[in-house]
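Numbering of residues begins at 1 and proceeds along the displayed sequence. Just so it is clear, the structure is predicted and the values come from calculations on it, not from any experiment.
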Amino acid sequence: MVICTRSSLKLPPILVLGRLPSRGCEHTMVWSVITSWQASLTLDSLACHYMAFTQEEESQACKSFNAIYFGPESGQDHDVPLIVWPHGGPHSAFTDDFKMEAALFALLGFGMLLVNYRGSIGAGQESVEFLLGRIGDSDVKDVHLAVVQALKQFPFLNPNKMVLFGGSHGGFLVTHLSGQFPDLFKAVVARNPVIDIPAMFTITDIPDWAAVETGLSYSELEEMNATAFEKMRKCSPITHVSSVIAPTLLLLGSKDKRVPSSQGIHYYNRLLSNNVKTKLMLYEDNHPLNQVPIEMDNLINSVLWFLQHTV
């Protein structure tokens, strides 16, 4: 017997039970639902579209990536505000599974573009390894292309009400996007974002991440040299901070050892110096900010930030 959870963007997780059939007949397996939710008619009426993209102008062999659009599908042009949401990792992926934040955003009328840029898992090892040495460049280009194509494919999306949402490497990407495309997005929410990779290298619990993702080899026996510093710095969002104009909410964990809060605090101070509207919320939590009261508080504040800047 096998017990599993089943969910989708429209359905919270339920438990299902099945009996394994004989080898070669796995496709005949019948699942019985053990737990169930009262279906939300509003959630069930939302659209969920898989989107495939190709970076035609690239000379590299790895050109394909994908995204999911989830949210309202209005019949009126430019009616729906869009949350652009790249995942963290960077080697993870969005799938059609339930996300509390996505459900809340959608019920409030936001559409979401969940982007699986090159480097995401689920598309083969070539895609995973492609991103090494290209963070802050190819992943940013992929998210931007996904936004451009989504606006063409879904005329109900409002290009003047687009915002950015992401945590960890997703926070790295949304701070890059707000700096590289300052006129495109109206607001940013970044949770424990990677801001300055060489500054993070000496204090994070994953210094190997900082080296490998920027295309460098890692050794515990060697200190960072000037070449490595420059490479890491070039990949970092802090290099574009002077171009940022979008109001930015930073959600940080004071106990975060993965991306220490000093990253976001430094970014916050730079934004203040540049007279950019910004707000910092520092929680007594670690990287995911997933203690229940803290998770609720930062989600509610994210919603309020987006509503305030898309009305």
Test side chain to side chain contact (heavy atoms under 4.5 Å, CB included) applied to Tyr218 and Trp209, step by step: CA-CA 9 Å; Tyr218 173 71; Trp209 179 96; over 6 Å; no
Pairing of Lys255 and Glu284 as salt bridge, 4.0 angstrom limit: yes
Within the distance-only criterion (no hydrogens, no angle test), does the side chain of [X] pair as donor or acceptor with the backbone N or O of [Y] below 3.5 angstrom?
{"X": "Ser7", "Y": "Phe98", "answer": "yes"}
{"X": "Thr5", "Y": "Leu15", "answer": "no"}
{"X": "Ser219", "Y": "Ser217", "answer": "no"}
{"X": "Ser236", "Y": "Ile238", "answer": "no"}
{"X": "Ser8", "Y": "Lys10", "answer": "yes"}
{"X": "Thr204", "Y": "Met200", "answer": "no"}
{"X": "Asn301", "Y": "Asp297", "answer": "yes"}
{"X": "Asp44", "Y": "Ser40", "answer": "no"}
{"X": "Lys231", "Y": "Thr214", "answer": "yes"}

A side-chain contact here means heavy atoms from C-beta on lying under 4.5 Å apart; do [X] and [Y] qualify?
{"X": "Leu9", "Y": "Ile68", "value": "yes"}
{"X": "Met51", "Y": "Leu113", "value": "yes"}
{"X": "Val143", "Y": "Leu177", "value": "yes"}
{"X": "Phe165", "Y": "Val174", "value": "no"}
{"X": "His78", "Y": "Pro159", "value": "yes"}
{"X": "Leu280", "Y": "Leu252", "value": "yes"}
{"X": "Val194", "Y": "Gln263", "value": "yes"}
{"X": "Gln55", "Y": "Leu145", "value": "yes"}

Donor-acceptor pairs under 3.5 angstrom involving side-chain atoms of residues 80-89: please list them, not counting sequence neighbours.
from: His87; atom 1: ND1; to: Ser92; atom 2: OG; distance (Å): 3.1
from: His87; atom 1: ND1; to: Tyr117; atom 2: OH; distance (Å): 3.2
from: His87; atom 1: NE2; to: Ser92; atom 2: O; distance (Å): 3.3
from: His87; atom 1: NE2; to: Ser120; atom 2: OG; distance (Å): 2.7

Verdict with reasoning, Arg19 to Val2, per side chain to side chain contact (heavy atoms under 4.5 Å, CB included): CA-CA 6 Å; Arg19 184 185 297 276; Val2 180; over 6 Å; no
side-chain hydrogen bond (donor to acceptor under 3.5 Å, both in side chains): pairs with one or both residues in residues 150-166, sequence neighbours excluded: none
side-chain hydrogen bond (donor to acceptor under 3.5 Å, both in side chains) contacts in which one or both residues fall within residues 22-35, not counting sequence neighbours: none
Verdict with supporting geometry, Arg233 and Thr239, side chain to side chain contact (heavy atoms under 4.5 Å, CB included): CA-CA 7 Å; Arg233 183 78 175 181; Thr239 59; 4.2 Å; yes
Flag if over 12 foreign heavy atoms under 6.0 Å of NZ, Lys234: no
More than 12 heavy atoms of other groups within 6.0 Å of Leu41 CG: no
Please list, chain by chain and in numerical order, all residues satisfying ring pair (Phe, Tyr, Trp, His ring centres under 6.0 Å) with [X], sequence neighbours excluded.
{"X": "His309", "value": "Trp305"}
{"X": "His287", "value": "none"}
{"X": "Tyr283", "value": "none"}
{"X": "His266", "value": "none"}

Name all residues meeting the salt bridge (Lys or Arg N to Asp or Glu O under 4.0 Å) criterion together with [X]; count only those two or more places apart in sequence or in a different chain, and write none if there are none.
{"X": "Arg118", "result": "Glu58, Asp142"}
{"X": "Glu223", "result": "none"}
{"X": "Asp285", "result": "none"}
{"X": "Lys99", "result": "Asp97"}

Pairs flagged by ring pair (Phe, Tyr, Trp, His ring centres under 6.0 Å) wherever residues 181-204 is involved - sequence neighbours left out: His144-Phe181
Passing option when Leu249 is tested against Leu304, Val188, Thr278, Val189 for side-chain contact (heavy atoms from CB on, under 4.5 Å): Val189
What's the shortest heavy-atom distance between [X] and [Y], and which atoms?
{"X": "Gly136", "Y": "Gln180", "result": "O-NE2, 3.4 Å"}
{"X": "Leu17", "Y": "Ile3", "result": "CD1-CB, 4.2 Å"}
{"X": "Ile14", "Y": "Ser36", "result": "CG2-CA, 3.9 Å"}
{"X": "Leu46", "Y": "Ala106", "result": "CD1-CB, 3.3 Å"}
{"X": "Ala47", "Y": "Glu73", "result": "CB-OE1, 3.5 Å"}
{"X": "Gly179", "Y": "Ser243", "result": "O-CB, 3.3 Å"}

Steps toward side chain to side chain donor-acceptor pair (under 3.5 Å) verdict (Glu129, His91): CA-CA 9 Å; Glu129 295 179 355; His91 309 296; over 6 Å; no
From CA spacing to verdict: side chain to side chain contact (heavy atoms under 4.5 Å, CB included), Ile197, Phe172: CA-CA 10 Å; Ile197 299 175; Phe172 168 89; 4.0 Å; yes
Short side-chain donor-acceptor distance under 3.5 Å, His176 and Asp137: no
Asn66 and Asn116: side chain donor to acceptor below 3.5 Å: yes
Quiz item: cation-pi between Arg134 and Phe130, 6.0 Å / 45°: yes
Are [Y] and [X] connected in a single hydrophobic cluster, I mean Ile/Leu/Val/Met/Phe/Trp/Tyr linked by side-chain heavy atoms less than 4.5 Å apart?
{"X": "Ile195", "Y": "Val276", "answer": "yes"}
{"X": "Leu282", "Y": "Met296", "answer": "no"}
{"X": "Val244", "Y": "Val163", "answer": "no"}
{"X": "Phe94", "Y": "Met100", "answer": "yes"}
{"X": "Ile206", "Y": "Leu132", "answer": "no"}

Parallel, tilted or perpendicular, as decided by the 30° and 60° cut-offs, for the rings of His49 and Tyr69: parallel
